Amino acid sequence: MTSQKGAKIQPVRGTQDILPDKTPSFRHIENKALEIAERYGFQEISTPLIEFTEVFTRTLGDTSDIVTKEMYTFNDLSGETITLRPEGTAGVARAFLSNGLAQNLPLKVFYSGPMFRYERPQKGRRRQFKQVGIELIGIEGSQADIEVISLGNHFLRELGLEDSFTIELNSLGDPDSRSDYKKALLEYLSAHKKNLSPNSIKRLEKNPLRILDSKDKEDQKITADAPLISNSLNDKSKKFFEEIRNGLEKLNISYVINERLVRGLDYYNHTAFEFVSQSLGAQGALLAGGRYDGLIKQMGGPDTPGIGWAAGIERLEMLLEDFPKKRRPISIIPGDSSLNEKASIISNDLRQLGYTIDFAYSGNMKKRLKNSNKVNACACIILDKEAVKDGNCIVRDMDRGEQILIDSNNLSYHLKKYK
RNA sequence: GCGGGAGUAGCUUAGCUGGUUAAAGCACCUGCUUGUGGUGCAGGGGAGCGGGGGUUCGAAUCCCCUCUCUCGCCCCA
(Lines give C-alpha, C1' and ligand atoms only; values in the text may rest on other atoms or scores of the structure.)
Protein backbone atom coordinates (compact mmCIF):
# COMPACT_ATOMS: atom_id res chain seq x y z
CA MET A 1 0.00 0.00 0.00
CA THR A 2 1.64 3.18 -1.10
CA SER A 3 -1.03 5.84 -0.95
CA GLN A 4 0.25 8.68 1.14
CA LYS A 5 -1.27 10.37 4.12
CA GLY A 6 -1.88 14.05 3.55
CA ALA A 7 -1.48 13.73 -0.17
CA LYS A 8 -4.24 14.00 -2.69
CA ILE A 9 -5.61 10.57 -3.47
CA GLN A 10 -4.06 9.18 -6.60
CA PRO A 11 -4.95 6.53 -9.15
CA VAL A 12 -2.88 3.36 -9.11
CA ARG A 13 0.39 3.81 -10.93
CA GLY A 14 0.08 3.33 -14.64
CA THR A 15 -3.70 3.68 -14.65
CA GLN A 16 -5.64 6.71 -15.78
CA ASP A 17 -9.05 8.27 -15.74
CA ILE A 18 -10.44 8.92 -19.16
CA LEU A 19 -12.60 11.99 -18.70
CA PRO A 20 -15.55 13.05 -20.86
CA ASP A 21 -13.38 15.20 -23.08
CA LYS A 22 -11.44 12.10 -24.13
CA THR A 23 -14.01 9.33 -24.08
CA PRO A 24 -15.48 10.26 -27.48
CA SER A 25 -12.21 9.65 -29.27
CA PHE A 26 -11.67 6.37 -27.44
CA ARG A 27 -15.15 5.26 -28.35
CA HIS A 28 -14.66 6.41 -31.89
CA ILE A 29 -11.61 4.17 -32.23
CA GLU A 30 -13.39 1.15 -30.80
CA ASN A 31 -16.45 1.73 -32.97
CA LYS A 32 -14.38 2.08 -36.11
CA ALA A 33 -12.43 -1.07 -35.34
CA LEU A 34 -15.59 -3.10 -34.89
CA GLU A 35 -17.23 -1.56 -37.91
CA ILE A 36 -14.33 -2.38 -40.21
CA ALA A 37 -13.81 -5.83 -38.70
CA GLU A 38 -17.45 -6.61 -39.41
CA ARG A 39 -16.93 -5.66 -43.03
CA TYR A 40 -14.36 -8.43 -43.19
CA GLY A 41 -16.74 -10.91 -41.66
CA PHE A 42 -15.50 -10.78 -38.09
CA GLN A 43 -17.84 -10.87 -35.12
CA GLU A 44 -17.33 -9.54 -31.66
CA ILE A 45 -16.30 -11.84 -28.83
CA SER A 46 -15.95 -10.88 -25.20
CA THR A 47 -13.83 -13.01 -22.93
CA PRO A 48 -13.18 -12.52 -19.21
CA LEU A 49 -10.65 -10.07 -17.88
CA ILE A 50 -9.42 -12.80 -15.58
CA GLU A 51 -8.27 -16.28 -16.49
CA PHE A 52 -6.54 -19.07 -14.70
CA THR A 53 -2.88 -18.15 -14.71
CA GLU A 54 -2.15 -21.32 -16.61
CA VAL A 55 -3.90 -19.95 -19.69
CA PHE A 56 -1.12 -17.42 -20.07
CA THR A 57 1.83 -19.41 -18.84
CA ARG A 58 1.06 -22.21 -21.25
CA THR A 59 0.57 -20.02 -24.27
CA LEU A 60 3.14 -17.31 -23.71
CA GLY A 61 5.85 -19.61 -22.42
CA ASP A 62 7.55 -19.67 -19.06
CA THR A 63 10.48 -17.57 -20.16
CA SER A 64 8.69 -14.68 -21.84
CA ASP A 65 8.93 -11.32 -20.16
CA ILE A 66 5.21 -11.08 -19.87
CA VAL A 67 4.98 -14.24 -17.84
CA THR A 68 8.11 -13.80 -15.78
CA LYS A 69 7.67 -10.25 -14.65
CA GLU A 70 4.63 -8.48 -16.02
CA MET A 71 1.54 -10.35 -14.93
CA TYR A 72 -0.92 -9.26 -12.30
CA THR A 73 -1.42 -12.61 -10.61
CA PHE A 74 -3.20 -13.29 -7.34
CA ASN A 75 -4.99 -15.99 -5.44
CA ASP A 76 -8.72 -15.58 -5.09
CA LEU A 77 -10.58 -16.49 -1.92
CA SER A 78 -10.83 -20.14 -2.88
CA GLY A 79 -7.12 -20.32 -3.54
CA GLU A 80 -7.27 -20.39 -7.33
CA THR A 81 -4.41 -18.67 -9.10
CA ILE A 82 -5.89 -15.98 -11.25
CA THR A 83 -4.30 -13.54 -13.66
CA LEU A 84 -5.56 -10.28 -15.13
CA ARG A 85 -5.19 -10.74 -18.86
CA PRO A 86 -2.00 -9.21 -20.27
CA GLU A 87 -3.12 -9.74 -23.87
CA GLY A 88 -6.10 -10.98 -25.79
CA THR A 89 -5.07 -13.95 -27.88
CA ALA A 90 -4.67 -16.49 -25.09
CA GLY A 91 -8.17 -15.83 -23.80
CA VAL A 92 -9.68 -16.22 -27.24
CA ALA A 93 -7.77 -19.45 -27.77
CA ARG A 94 -9.06 -20.69 -24.43
CA ALA A 95 -12.61 -19.74 -25.33
CA PHE A 96 -12.15 -21.54 -28.62
CA LEU A 97 -11.34 -24.72 -26.74
CA SER A 98 -13.79 -24.29 -23.88
CA ASN A 99 -16.70 -23.85 -26.26
CA GLY A 100 -15.76 -26.49 -28.77
CA LEU A 101 -15.57 -23.96 -31.58
CA ALA A 102 -13.27 -26.20 -33.60
CA GLN A 103 -16.45 -27.57 -35.13
CA ASN A 104 -17.15 -24.36 -36.90
CA LEU A 105 -14.08 -23.05 -38.65
CA PRO A 106 -12.93 -20.53 -39.46
CA LEU A 107 -13.52 -18.57 -36.32
CA LYS A 108 -13.25 -14.87 -37.01
CA VAL A 109 -13.52 -12.70 -33.93
CA PHE A 110 -12.97 -9.14 -32.86
CA TYR A 111 -12.38 -8.07 -29.27
CA SER A 112 -11.87 -4.86 -27.39
CA GLY A 113 -11.08 -4.05 -23.81
CA PRO A 114 -8.52 -3.45 -21.11
CA MET A 115 -5.31 -5.42 -20.65
CA PHE A 116 -2.98 -5.38 -17.65
CA ARG A 117 0.78 -5.56 -17.52
CA TYR A 118 3.01 -4.73 -14.61
CA GLU A 119 5.51 -2.59 -16.49
CA ARG A 120 7.28 0.68 -15.95
CA PRO A 121 4.89 3.30 -17.34
CA GLN A 122 6.09 5.38 -20.23
CA LYS A 123 4.59 7.42 -22.99
CA GLY A 124 2.18 5.10 -24.76
CA ARG A 125 2.59 2.42 -22.14
CA ARG A 126 0.44 1.95 -19.09
CA ARG A 127 -0.27 -0.81 -16.66
CA GLN A 128 -3.88 -0.85 -17.65
CA PHE A 129 -4.37 -0.12 -21.31
CA LYS A 130 -6.93 -0.83 -23.95
CA GLN A 131 -6.61 -2.93 -27.03
CA VAL A 132 -8.74 -3.85 -29.95
CA GLY A 133 -7.77 -7.01 -31.76
CA ILE A 134 -8.84 -9.70 -34.14
CA GLU A 135 -8.15 -13.39 -34.46
CA LEU A 136 -8.72 -15.56 -37.51
CA ILE A 137 -8.51 -19.18 -36.47
CA GLY A 138 -8.57 -22.22 -38.69
CA ILE A 139 -7.21 -21.07 -42.04
CA GLU A 140 -3.88 -22.29 -43.26
CA GLY A 141 -3.69 -20.43 -46.53
CA SER A 142 -2.05 -17.07 -47.13
CA GLN A 143 -5.36 -15.46 -47.95
CA ALA A 144 -5.96 -15.33 -44.20
CA ASP A 145 -2.77 -13.35 -43.68
CA ILE A 146 -3.63 -11.00 -46.50
CA GLU A 147 -7.09 -10.30 -45.13
CA VAL A 148 -5.88 -9.80 -41.59
CA ILE A 149 -3.18 -7.33 -42.59
CA SER A 150 -5.51 -5.62 -44.99
CA LEU A 151 -8.04 -5.21 -42.22
CA GLY A 152 -5.44 -3.61 -39.95
CA ASN A 153 -4.48 -1.24 -42.73
CA HIS A 154 -8.08 -0.43 -43.50
CA PHE A 155 -8.81 0.28 -39.86
CA LEU A 156 -5.96 2.74 -39.38
CA ARG A 157 -6.72 4.48 -42.64
CA GLU A 158 -10.32 4.80 -41.62
CA LEU A 159 -9.12 6.64 -38.53
CA GLY A 160 -7.37 9.10 -40.80
CA LEU A 161 -3.93 7.85 -39.87
CA GLU A 162 -2.81 6.88 -43.37
CA ASP A 163 0.22 9.14 -43.13
CA SER A 164 1.14 8.14 -39.61
CA PHE A 165 2.47 4.63 -39.93
CA THR A 166 4.48 2.21 -42.00
CA ILE A 167 3.84 -1.48 -42.20
CA GLU A 168 6.82 -3.67 -41.43
CA LEU A 169 6.63 -7.22 -42.54
CA ASN A 170 8.70 -10.32 -42.08
CA SER A 171 8.45 -14.06 -42.28
CA LEU A 172 9.84 -16.41 -39.71
CA GLY A 173 9.04 -19.37 -41.91
CA ASP A 174 7.64 -22.68 -40.83
CA PRO A 175 9.05 -24.42 -37.75
CA ASP A 176 11.74 -26.15 -39.83
CA SER A 177 12.95 -22.96 -41.44
CA ARG A 178 12.85 -21.22 -38.17
CA SER A 179 14.88 -23.77 -36.34
CA ASP A 180 17.43 -23.84 -39.18
CA TYR A 181 17.73 -20.12 -38.90
CA LYS A 182 18.02 -20.20 -35.17
CA LYS A 183 20.91 -22.59 -35.53
CA ALA A 184 22.68 -20.44 -38.09
CA LEU A 185 22.15 -17.29 -36.08
CA LEU A 186 23.29 -18.87 -32.87
CA GLU A 187 26.44 -20.08 -34.53
CA TYR A 188 27.20 -16.64 -35.85
CA LEU A 189 26.40 -14.80 -32.64
CA SER A 190 28.26 -17.21 -30.41
CA ALA A 191 31.40 -16.37 -32.33
CA HIS A 192 30.87 -12.73 -31.35
CA LYS A 193 29.69 -13.42 -27.87
CA LYS A 194 32.34 -11.41 -26.12
CA ASN A 195 31.33 -8.23 -27.92
CA LEU A 196 27.63 -8.51 -27.28
CA SER A 197 25.88 -6.37 -24.71
CA PRO A 198 25.13 -8.02 -21.35
CA ASN A 199 21.46 -8.08 -22.24
CA SER A 200 22.11 -9.84 -25.48
CA ILE A 201 24.37 -12.40 -23.89
CA LYS A 202 21.43 -13.35 -21.74
CA ARG A 203 19.22 -13.44 -24.79
CA LEU A 204 21.66 -15.75 -26.50
CA GLU A 205 20.31 -18.61 -24.46
CA LYS A 206 16.79 -17.51 -23.92
CA ASN A 207 15.83 -15.88 -27.12
CA PRO A 208 18.57 -15.32 -29.71
CA LEU A 209 16.19 -13.92 -32.32
CA ARG A 210 15.54 -10.93 -30.12
CA ILE A 211 19.16 -9.85 -30.43
CA LEU A 212 18.31 -8.85 -33.96
CA ASP A 213 16.30 -5.85 -32.83
CA SER A 214 18.58 -4.85 -29.99
CA LYS A 215 19.04 -1.10 -29.71
CA ASP A 216 22.59 -1.43 -28.49
CA LYS A 217 25.05 0.07 -31.00
CA GLU A 218 27.63 -2.68 -30.60
CA ASP A 219 24.97 -5.34 -31.00
CA GLN A 220 23.77 -3.65 -34.13
CA LYS A 221 27.26 -3.67 -35.61
CA ILE A 222 27.43 -7.39 -35.03
CA THR A 223 23.98 -8.20 -36.29
CA ALA A 224 24.52 -6.13 -39.40
CA ASP A 225 26.43 -9.07 -40.85
CA ALA A 226 24.37 -11.77 -39.25
CA PRO A 227 22.75 -14.38 -41.45
CA LEU A 228 19.38 -13.33 -42.79
CA ILE A 229 16.26 -15.25 -42.08
CA SER A 230 15.21 -14.94 -45.67
CA ASN A 231 18.14 -17.18 -46.56
CA SER A 232 16.93 -19.88 -44.21
CA LEU A 233 13.39 -20.10 -45.49
CA ASN A 234 12.65 -23.37 -47.22
CA ASP A 235 10.76 -23.42 -50.50
CA LYS A 236 7.42 -23.89 -48.87
CA SER A 237 7.93 -20.95 -46.55
CA LYS A 238 9.30 -18.79 -49.31
CA LYS A 239 6.32 -19.49 -51.47
CA PHE A 240 3.95 -18.73 -48.63
CA PHE A 241 5.60 -15.41 -47.94
CA GLU A 242 5.62 -14.57 -51.60
CA GLU A 243 1.90 -15.16 -51.84
CA ILE A 244 1.30 -12.74 -49.02
CA ARG A 245 3.53 -10.07 -50.47
CA ASN A 246 1.94 -10.47 -53.82
CA GLY A 247 -1.53 -10.31 -52.31
CA LEU A 248 -0.73 -7.10 -50.45
CA GLU A 249 0.71 -5.52 -53.54
CA LYS A 250 -2.39 -6.35 -55.50
CA LEU A 251 -4.32 -4.41 -52.86
CA ASN A 252 -1.89 -1.49 -53.06
CA ILE A 253 -0.88 -1.96 -49.47
CA SER A 254 2.67 -0.76 -49.14
CA TYR A 255 5.03 -2.31 -46.65
CA VAL A 256 8.70 -2.63 -45.95
CA ILE A 257 10.47 -5.87 -45.24
CA ASN A 258 12.15 -5.80 -41.87
CA GLU A 259 14.29 -8.87 -41.47
CA ARG A 260 14.82 -7.96 -37.84
CA LEU A 261 11.19 -8.05 -36.97
CA VAL A 262 10.87 -11.18 -34.88
CA ARG A 263 8.43 -12.55 -32.42
CA GLY A 264 9.85 -13.92 -29.24
CA LEU A 265 7.38 -16.68 -28.58
CA ASP A 266 7.89 -20.15 -29.92
CA TYR A 267 4.50 -20.75 -31.39
CA TYR A 268 4.84 -17.91 -33.86
CA ASN A 269 5.67 -18.82 -37.41
CA HIS A 270 5.52 -17.42 -40.89
CA THR A 271 4.02 -13.96 -40.92
CA ALA A 272 5.01 -11.25 -38.46
CA PHE A 273 4.03 -7.63 -38.92
CA GLU A 274 4.02 -4.34 -37.12
CA PHE A 275 2.32 -1.07 -37.99
CA VAL A 276 4.76 1.48 -36.64
CA SER A 277 4.46 5.19 -35.97
CA GLN A 278 7.48 7.47 -35.95
CA SER A 279 5.95 10.07 -33.71
CA LEU A 280 5.32 8.24 -30.48
CA GLY A 281 8.86 7.80 -29.26
CA ALA A 282 10.06 4.41 -28.13
CA GLN A 283 6.61 2.88 -28.02
CA GLY A 284 5.83 3.19 -31.68
CA ALA A 285 4.02 -0.06 -32.41
CA LEU A 286 0.42 0.86 -33.08
CA LEU A 287 -0.81 -2.48 -34.26
CA ALA A 288 1.07 -5.72 -34.40
CA GLY A 289 0.54 -9.40 -34.85
CA GLY A 290 1.42 -12.52 -36.66
CA ARG A 291 0.65 -16.10 -37.40
CA TYR A 292 0.51 -18.52 -34.48
CA ASP A 293 -0.11 -21.92 -35.96
CA GLY A 294 1.29 -23.71 -32.92
CA LEU A 295 -0.74 -21.97 -30.25
CA ILE A 296 -3.95 -23.94 -30.08
CA LYS A 297 -2.09 -27.21 -30.09
CA GLN A 298 0.18 -25.99 -27.35
CA MET A 299 -2.88 -25.34 -25.24
CA GLY A 300 -3.92 -28.94 -25.64
CA GLY A 301 -6.32 -28.51 -28.53
CA PRO A 302 -6.32 -29.82 -32.07
CA ASP A 303 -3.58 -28.57 -34.37
CA THR A 304 -5.30 -25.45 -35.64
CA PRO A 305 -3.66 -22.52 -37.44
CA GLY A 306 -4.36 -18.96 -36.48
CA ILE A 307 -3.38 -15.38 -37.17
CA GLY A 308 -4.30 -12.08 -35.59
CA TRP A 309 -3.28 -8.70 -34.39
CA ALA A 310 -3.90 -6.25 -31.58
CA ALA A 311 -3.76 -2.48 -31.57
CA GLY A 312 -3.19 -0.13 -28.64
CA ILE A 313 -6.07 2.28 -28.31
CA GLU A 314 -4.18 4.84 -26.21
CA ARG A 315 -1.45 4.99 -28.80
CA LEU A 316 -3.91 5.50 -31.61
CA GLU A 317 -5.73 8.11 -29.60
CA MET A 318 -2.55 10.13 -29.21
CA LEU A 319 -2.29 10.36 -32.97
CA LEU A 320 -5.89 11.30 -33.58
CA GLU A 321 -6.18 14.99 -34.19
CA ASP A 322 -9.85 15.43 -34.56
CA PHE A 323 -12.86 13.25 -34.93
CA PRO A 324 -16.53 13.93 -35.48
CA LYS A 325 -17.75 16.59 -33.13
CA LYS A 326 -20.48 15.97 -30.63
CA ARG A 327 -23.94 17.00 -31.62
CA ARG A 328 -24.82 20.40 -30.20
CA PRO A 329 -27.69 20.24 -27.74
CA ILE A 330 -30.69 22.47 -27.46
CA SER A 331 -30.99 23.76 -23.94
CA ILE A 332 -34.24 24.32 -22.19
CA ILE A 333 -34.59 27.05 -19.59
CA PRO A 334 -37.58 27.25 -17.28
CA GLY A 335 -38.03 30.87 -16.23
CA ASP A 336 -38.58 29.82 -12.64
CA SER A 337 -39.12 26.64 -10.69
CA SER A 338 -42.88 26.73 -11.23
CA LEU A 339 -42.17 26.05 -14.87
CA ASN A 340 -39.94 23.02 -14.22
CA GLU A 341 -42.74 20.58 -14.81
CA LYS A 342 -43.68 22.15 -18.13
CA ALA A 343 -40.03 22.22 -19.20
CA SER A 344 -39.66 18.63 -18.16
CA ILE A 345 -42.60 17.56 -20.30
CA ILE A 346 -41.39 19.48 -23.33
CA SER A 347 -37.90 18.02 -22.90
CA ASN A 348 -39.32 14.56 -22.74
CA ASP A 349 -41.39 15.02 -25.88
CA LEU A 350 -38.45 16.41 -27.84
CA ARG A 351 -36.09 13.70 -26.63
CA GLN A 352 -38.57 11.08 -27.78
CA LEU A 353 -38.37 12.74 -31.19
CA GLY A 354 -34.59 12.45 -31.18
CA TYR A 355 -33.51 15.89 -30.04
CA THR A 356 -30.64 16.34 -27.64
CA ILE A 357 -31.96 18.46 -24.80
CA ASP A 358 -29.83 19.91 -22.04
CA PHE A 359 -31.86 20.96 -19.05
CA ALA A 360 -30.77 24.17 -17.32
CA TYR A 361 -31.25 23.06 -13.75
CA SER A 362 -30.65 26.15 -11.68
CA GLY A 363 -29.66 29.75 -11.42
CA ASN A 364 -31.10 32.94 -12.73
CA MET A 365 -31.65 33.59 -16.42
CA LYS A 366 -28.16 34.90 -16.90
CA LYS A 367 -26.59 31.92 -15.27
CA ARG A 368 -28.66 29.47 -17.21
CA LEU A 369 -27.95 31.11 -20.53
CA LYS A 370 -24.31 31.15 -19.68
CA ASN A 371 -24.55 27.46 -19.07
CA SER A 372 -26.25 26.95 -22.41
CA ASN A 373 -23.32 28.67 -23.93
CA LYS A 374 -20.91 26.45 -22.06
CA VAL A 375 -22.55 23.26 -23.31
CA ASN A 376 -22.34 24.76 -26.80
CA ALA A 377 -26.10 24.76 -27.33
CA CYS A 378 -27.24 25.74 -30.79
CA ALA A 379 -30.52 27.04 -29.46
CA CYS A 380 -32.41 27.65 -26.23
CA ILE A 381 -36.01 27.07 -25.42
CA ILE A 382 -36.95 29.65 -22.85
CA LEU A 383 -40.14 29.28 -20.89
CA ASP A 384 -41.33 32.43 -19.28
CA LYS A 385 -44.61 32.82 -17.52
CA GLU A 386 -46.21 35.09 -20.04
CA ALA A 387 -45.30 33.09 -23.07
CA VAL A 388 -46.40 29.88 -21.43
CA LYS A 389 -49.70 31.40 -20.43
CA ASP A 390 -50.48 31.91 -24.12
CA GLY A 391 -49.29 28.44 -25.00
CA ASN A 392 -46.00 29.73 -26.41
CA CYS A 393 -42.32 29.52 -25.63
CA ILE A 394 -39.29 31.47 -26.76
CA VAL A 395 -36.75 29.91 -29.06
CA ARG A 396 -33.42 31.67 -29.04
CA ASP A 397 -30.83 30.99 -31.70
CA MET A 398 -27.53 30.97 -29.85
CA ASP A 399 -25.36 31.76 -32.83
CA ARG A 400 -27.36 34.71 -34.09
CA GLY A 401 -28.63 35.92 -30.75
CA GLU A 402 -32.14 36.28 -32.07
CA GLN A 403 -35.23 34.88 -30.48
CA ILE A 404 -38.78 34.31 -31.58
CA LEU A 405 -42.05 33.31 -30.00
CA ILE A 406 -43.24 29.86 -30.99
CA ASP A 407 -46.48 28.02 -30.36
CA SER A 408 -45.54 25.17 -28.03
CA ASN A 409 -47.46 22.71 -30.17
CA ASN A 410 -45.33 23.55 -33.18
CA LEU A 411 -42.01 23.47 -31.33
CA SER A 412 -40.70 20.34 -32.94
CA TYR A 413 -41.44 21.73 -36.39
CA HIS A 414 -39.52 24.92 -35.68
CA LEU A 415 -36.60 23.13 -34.12
CA LYS A 416 -36.01 20.91 -37.12
CA LYS A 417 -33.13 22.99 -38.37
CA TYR A 418 -31.30 22.44 -35.06
CA LYS A 419 -31.63 18.69 -35.10
C1' G B 1 13.91 -4.19 -12.70
C1' C B 2 17.91 -0.14 -14.42
C1' G B 3 19.41 5.13 -15.80
C1' G B 4 18.22 10.76 -16.92
C1' G B 5 14.44 14.96 -16.21
C1' A B 6 10.25 16.92 -13.51
C1' G B 7 6.20 17.61 -9.52
C1' U B 8 4.10 25.21 -7.17
C1' A B 9 -3.95 27.23 -7.29
C1' G B 10 -8.83 23.11 -11.60
C1' C B 11 -5.08 23.87 -15.99
C1' U B 12 -0.28 26.06 -18.00
C1' U B 13 3.66 28.18 -15.60
C1' A B 14 7.07 32.16 -12.81
C1' G B 15 9.59 32.14 -8.23
C1' C B 16 14.11 28.26 -6.52
C1' U B 17 22.84 31.37 -5.23
C1' G B 18 17.12 30.17 1.61
C1' G B 19 14.37 35.82 4.49
C1' U B 20 8.08 40.13 5.02
C1' U B 21 0.84 37.87 4.09
C1' A B 22 3.96 32.46 -2.76
C1' A B 23 3.11 35.41 -8.46
C1' A B 24 0.79 35.40 -13.44
C1' G B 25 -2.36 33.74 -17.53
C1' C B 26 -6.57 30.56 -18.48
C1' A B 27 -10.78 28.65 -15.84
C1' C B 28 -14.27 29.86 -11.78
C1' C B 29 -17.46 33.56 -8.90
C1' U B 30 -19.59 38.75 -8.40
C1' G B 31 -20.82 43.52 -10.45
C1' C B 32 -21.45 47.04 -14.79
C1' U B 33 -26.29 44.37 -17.40
C1' U B 34 -32.91 46.53 -14.74
C1' G B 35 -34.99 37.88 -15.26
C1' U B 36 -31.15 36.91 -21.62
C1' G B 37 -25.19 34.07 -23.11
C1' G B 38 -20.84 34.49 -26.13
C1' U B 39 -16.75 40.38 -26.43
C1' G B 40 -15.18 44.39 -22.81
C1' C B 41 -14.20 46.66 -17.98
C1' A B 42 -13.92 46.39 -12.48
C1' G B 43 -13.59 43.36 -8.36
C1' G B 44 -13.27 38.40 -5.79
C1' G B 45 -12.45 33.21 -4.06
C1' G B 46 -8.80 29.42 -4.58
C1' A B 47 -2.37 26.71 -3.62
C1' G B 48 1.46 27.07 1.48
C1' C B 49 4.58 24.74 -2.93
C1' G B 50 3.57 15.68 -4.43
C1' G B 51 4.28 13.13 0.61
C1' G B 52 7.53 12.21 4.97
C1' G B 53 11.88 13.45 7.59
C1' G B 54 16.27 16.55 8.27
C1' U B 55 19.70 21.18 8.14
C1' U B 56 18.68 26.39 9.70
C1' C B 57 16.79 31.88 13.73
C1' G B 58 14.13 31.10 9.00
C1' A B 59 12.97 26.54 3.16
C1' A B 60 8.76 26.14 -2.45
C1' U B 61 13.96 27.24 -2.59
C1' C B 62 19.61 23.00 0.63
C1' C B 63 20.05 17.38 2.10
C1' C B 64 17.84 12.28 2.60
C1' C B 65 13.85 8.85 1.80
C1' U B 66 9.37 7.97 -0.80
C1' C B 67 5.26 8.51 -4.43
C1' U B 68 3.74 10.00 -9.27
C1' C B 69 4.59 11.71 -14.15
C1' U B 70 8.08 12.00 -18.10
C1' C B 71 12.38 10.38 -21.47
C1' G B 72 15.27 6.13 -22.49
C1' C B 73 16.80 0.65 -21.53
C1' C B 74 14.29 -4.07 -21.05
C1' C B 75 9.84 -5.62 -23.37
C1' C B 76 5.70 -4.79 -25.89
C1' A B 77 0.03 -2.71 -28.42
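Letters go in sequence order (proteins before strands), and every chain restarts at 1. As the structure is a computational prediction, the values presented were derived from the model and not from experiment.
- Residues A:Ser412 and A:Tyr355 come closest through the heavy atom pair O-OH, 2.9 Å.
- Comparing the P positions of B:rU17 and B:rG1 gives an interatomic distance of 33 Å, to the nearest angstrom.
- Expressed to the nearest 0.5 Å, how far CG of A:Asn364 lies from NZ of A:Lys367 amounts to 6.5 Å.
- A:Leu19 places its CG atom 19 Å from the P atom of B:rA27, with the value rounded to the nearest Å.
- Within the nucleic acid shown, A:Gly335 comes within 4.0 Å of at least one base atom, counting heavy atoms only.
- Atom CG in A:Leu261 sits roughly 14 Å away from atom P in B:rC75 (whole-Å rounding).
- Across all strands, A:Gly124 comes closer than 4.0 Å to base atoms (heavy-atom distances).
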All N/O contacts under 3.5 Å from nucleotides 1-9 of chain B to the protein, with atom names and distances to one decimal?
residue, atom, partner, partner atom, Å
B:rC2, N4, A:Arg120, NH1, 2.6
B:rG3, O6, A:Arg120, NH2, 3.3

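- In the model, A:Tyr361 has no side-chain atom that pairs as donor or acceptor with a side-chain atom of A:Asn371 under 3.5 Å.
- Remark: B:rG7 base-pairs with B:rC67. Criterion, Watson-Crick or G-U wobble with two distances under 3.5 Å.
- Shown here, B:rG48 is classed syn by the O4'-C1'-N9-C4 or O4'-C1'-N1-C2 angle, which is within 90° of 0.
- Side-chain N/O atoms of A:Arg94 and A:Ser98 include a donor and acceptor closer than 3.5 Å.
- Across every non-hydrogen atom of A:Ser142 and A:Phe240, the tightest pair is N-CE1, 3.5 Å.
- Looking at heavy-atom distances under 4.0 Å, A:Gly14 makes contact with sugar-phosphate atoms alone, never a base.
- A straight line from CD1 of A:Ile9 to P of B:rG51 spans 15 Å, rounded to a whole angstrom.
- Closest to the A:Ile394 side chain, of the nucleotides B:rU68, B:rC74, B:rU36, is B:rU36.
- Following rounding to the nearest Å, A:Leu156 (CG) and B:rA77 (C1') show an atom-to-atom distance of 11 Å.
- No engagement by A:Phe275 is indicated, since no non-hydrogen atom pair under 4.0 Å with the nucleic acid exists.
- Nucleotides of RNA chain B nearest to A:Lys367 and A:Thr15 differ in position, and the one nearer the 5' end is that of A:Lys367.
- Atom CZ of A:Phe273 and atom C1' of B:rA77 are 12 Å apart (whole Å).
- Between A:Leu169 and A:Arg245, the shortest heavy-atom distance links the atoms CD2-CG, 4.3 Å.
- Proximity note for A:Arg203 (side chain, C-beta onward) versus B:rC28, B:rC74, B:rC69: the nearest is B:rC74.
- Phosphate contact (OP1/OP2 of B:rU70, side-chain N/O of A:Gln122, threshold under 4.0 Å): absent.
- Side-chain atoms of A:Asp336 lie closest to B:rG35 of the nucleotides B:rU70, B:rC75, B:rG35.
- For B:rU68, the OP1/OP2 oxygens have a side-chain nitrogen or oxygen of A:Arg13 closer than 4.0 Å.
- Across the strands present, B:rU17 finds no partner; the criterion is a Watson-Crick or G-U wobble pair with both atom distances under 3.5 angstrom.
- Between A:Tyr292 and A:Glu135 the shortest side-chain heavy-atom distance falls below 4.5 Å.
- For A:Gln16 and B:rU70, the CD to P distance is 9 Å, given to the nearest whole Å.
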Would you tabulate the nitrogen or oxygen pairs shorter than 3.5 Å linking the protein to nucleotides 37-39 of chain B?
residue, atom, partner, partner atom, Å
B:rG37, N7, A:Arg396, NE, 3.4
B:rG37, N7, A:Arg396, NH2, 2.7
B:rG37, O6, A:Arg396, NH2, 3.3
B:rG37, O6, A:Gly401, N, 3.3
B:rG37, N1, A:Met398, O, 2.4
B:rG37, N2, A:Asn373, OD1, 2.5
B:rG37, N2, A:Met398, O, 2.9
B:rG37, N3, A:Asn373, OD1, 2.9
B:rG38, O4', A:Asn373, ND2, 3.0
B:rG38, N2, A:Met398, O, 3.1
B:rG38, N2, A:Asp399, O, 3.2

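- Electrostatic pairing of A:Lys32 and A:Glu158 counts as a salt bridge here, judged by a charged N lying under 4.0 Å from a carboxylate O.
- Put simply, CG on A:Asn364 is 11 Å from P on B:rC29, counting in whole angstrom units.
- Remark: the A:Thr223 side chain and the A:Tyr188 side chain contain no N/O donor-acceptor pair separated by less than 3.5 Å.
- The partner of B:rC74, taking Watson-Crick or G-U wobble pairs whose two distances both stay under 3.5 Å, does not exist in any strand shown.
- A distance of 5.0 Å separates CZ of A:Phe273 from CD1 of A:Ile149, quoted to the nearest 0.5 Å.
- In this structure, CZ of A:Phe155 is placed 11 Å from C1' of B:rA77, rounded to the nearest angstrom.
- Checking B:rU36, B:rC75, B:rA77 against the side-chain heavy atoms of A:Glu70 singles out B:rC75 as nearest.
- For the pair A:Arg127 and A:Phe116, the cation-pi test (distance below 6.0 Å, angle within 45°) is failed.
- With C1' as the reference atom, B:rA22 and B:rC49 are 8 Å apart, rounded to whole Å.
- RNA chain B is contacted by both A:Ala310 and A:Arg127; A:Arg127 maps to the nucleotide lying nearer its 5′ end (nearest heavy atom per residue).
- Annotation: B:rG19 and B:rC29 have their P atoms spaced 36 Å apart (nearest Å).
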